Amino acid sequence: MTRADPEYGHLAPLLERYSSLEPDHPDREPLREELVRGFLPVAQHIARRFSNRGEPLDDLVQVATVGLINAIDRYSPERGSDFFSFAVPTITGEVRRHFRDLGWSMRVPRRLKDLHVSINGAVSELSQNLGRAPKPSEIAEQLGVPVADVLEGLEASEAYRSSSLDEMLSSEQGSATVGELVGEADAELDRVDFRLALRPVLSELAERERTIVLLRFFGNMTQTQIADRVGISQMHVSRLLAQTLDRLRTRLDPETRVS
Amino acid sequence: MSDLDGSSPAETLDGASTVEVRTSASAALIPTIRAVASDLAARADFDLDAISDLRMAVDEACATLVDVAAPSSTLQCTFLVRSERIEVHAQVRAGHPDAVVSTDTFGWRVLQTLADDVAVHHEPGSGGDGPTVGIRLDKRSGDLPR
Amino acid sequence: MAEPAPLGSESPASEAAGDFLEAAMTRPRADAAVLAVQGEVDTLTATLFADAVAELMDAPETTLVVDLTGVKFLASSGLAVLIQAAHRAEERNARLRLVVTTRAVRRPLEITGIDQLFDMHSDVHDAIGGDD
């Protein structure tokens, strides 16, 4: 972004002023709001990039906006770099973290996981036989599945980036990434839009339980952090989370299942 | 994907499918373009190494162009998908009248290695606009001896 | 867009700008330092990658490993960082060890011949294992 930028150029001096103000300066709050409003299209754009993963766009925009606020707060113009080159990774990071914390990989259909494993096997075998990398059509023929499935599988293994399918597939790492609880529930829940299903259950919970679930799945917190925050033991947190997931499982309506 | 200009590829006279992607000339949007490149190559049944090469070549070309692009200009990337190869034209309007894509960089050498054929073109600007700078690259689906 | 972000110019191996590119250094053995990198190394993140690798190359340990298992994309800007690191290792009379498991990393290294500059391994245990 430069001052010549027609869309965002006028925000550059505001950013400079914002970062120069003391934390308790009365102008900071209104200025921040103006900056957030001004840069909102950037957050919206990034949120849209993740909108094909089954999360409501509104929620993603909200998360991206949190990232944008962090970027505005932490940006310092005197380092001489462009705001966008700082903000875009910050916002993207926030959205990715959101997916990771949701344990969103649970929603990867089992079929796709299996396919991923078969594709990897077929690729190794074919590479050896052919003496070069195989084509999608060759992989499909080897596995006896439609090319479209192979494309889907390849796309999945590319698109799942840092919280990757591979991580989840190797059992010991998978549970460490998504959390022991989620690891257990995984088999049950992998076809379910987790968030959709969780909502009604959440509304039935007592306030403390609801707080715990929210902190675990929608905040950035580990069980230990939640325990500290709520003032109960980590074991207790673990039990309450397990109970909630149990409830979730028994409540699962066939209609909430997506194929 | 909001950056795609036309979701269904159009056919050109010589039977190539055309996909055009237009973004702000910003490094932050290159991941989107290279995702399109891999997807097209996979659908055109490129071998997995060739898919990886095309993705990287497109990234390299776009990064090079974004470097010289005028502020708040557009990066235009056209993919011509043929049966055995994909041709890519990427171009931007440069920020300086004498902007050039330098071909003696490490990045350019990598690009030459990745693509089967690669070339730069410069067109002088008109009416106060900066010159247009573009990179054309060609990638075969694999298999053939390079 | 001007320069790549100064992400992590203060603490390259820390959280800096979230997990767009993550780099974490560990010392699994007294004489080995491992830099594990996750994400995409491209023109946006190359500076962060360069900083993290520079920190590794300054480490006093004799065995230096860059674990690229979690890297989903590696552009020429990332290759340049690795070449530089290989030269730094050479100055220390060592060879940098890379852990490479994916095509997204292996292919760029191989097609450019840059893999020749490193000891390539397919897992971290293997990389910090054997003497060289």
Side-chain angles (χ1 to χ4, degrees), chain A residues 1-9 12 41-52 57 71 81-92 96 119-120 122-124 126-127 130-141 147-159 161, chain B residues 1-4 7 21-56 58-59 63 66-67 69-74 83-86 93 95-96 114 128 130 139-146:
Chain A
M1 180 189 65
T2 63
R3 277 158 203 258
D5 186 324
E7 212 172 333
Y8 301 109
V42 181
Q44 287 165 336
H45 177 89
I46 291 171
R48 271 199 299 276
R49 274 171 45 193
F50 289 87
S51 62
N52 59 350
L57 181 60
S81 88
D82 182 84
F83 176 68
F84 285 143
S85 44
F86 179 71
V88 171
T90 306
I91 297 169
T92 312
R96 284 192 204 287
I119 288 176
N120 281 350
V123 168
S124 314
L126 285 167
S127 302
L130 298 167
R132 60 164 172 81
K135 303 177 172 196
S137 61
E138 291 161 343
I139 301 168
E141 194 179 338
V147 177
D149 286 5
V150 172
L151 292 175
E152 195 186 358
L154 289 170
E155 195 184 310
S157 55
E158 286 300 315
R161 310 209 194 281
Chain B
M1 190 168 305
S2 58
D3 300 286
L4 260 178
S7 50
V21 184
R22 246 180 239 263
T23 69
S24 305
S26 158
L29 294 170
I30 298 177
T32 305
I33 304 174
R34 62 179 188 244
V36 172
S38 342
D39 189 69
L40 290 173
R43 282 168 203 285
D45 207 28
F46 276 39
D47 79 44
L48 299 187
D49 280 341
I51 296 171
S52 172
D53 292 351
L54 181 73
R55 178 161 71 133
M56 204 180 156
V58 166
D59 177 82
V66 163
D67 262 358
S72 53
S73 62
T74 301
S83 60
E84 295 286 311
R85 63 193 182 92
I86 292 181
R93 193 164 52 73
H96 297 283
L114 293 167
K139 182 69 189 170
R140 283 196 290 262
S141 60
D143 233 345
L144 301 164
R146 25 168 81 247

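Small disclaimer: the values here were computed from a predicted structure and weren't measured. Reminder, nothing fancy here: chain letters follow the sequence lines and each chain counts from 1.
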**Message:** Counting heavy-atom pairs under 4.5 Å with chain A, which one of A50(B), A42(B), S52(B) comes out on top?
**Reply:**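 Maximum pair count with chain A is reached by A42(B).
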Side chains of [X] and [Y], heavy atoms from C-beta outward: is any pair under 4.5 Å?
X	Y	answer
L130(A)	D47(B)	no
D49(B)	R132(A)	no
L29(B)	V88(A)	no

**Item:** E141(A) atom CD, over 12 foreign heavy atoms within 6.0 Å
**Value:**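 Counting neighbours around CD of E141(A), 12 or fewer heavy atoms of other residues, nucleotides or ligands fall under 6.0 Å, so no.
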**Request:** Would you give the length of the straight line joining atom NE2 of H45(A) to atom OG of S24(B), rounded to the nearest 0.5 angstrom?
**Result:** 7.5 Å
**Request:** Using non-hydrogen atoms and a 4.5 Å limit, figure out which bit of V123(A) sits close to chain B: side chain, backbone, both or neither.
**Result:**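 Just its side chain gets close to chain B.
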**Asked** Step by step, would you call I139(A) with L48(B) a side chain to side chain contact (heavy atoms under 4.5 Å, CB included)?
**Response** CA-CA 10 Å; I139(A) 301 168; L48(B) 299 187; 4.2 Å; yes
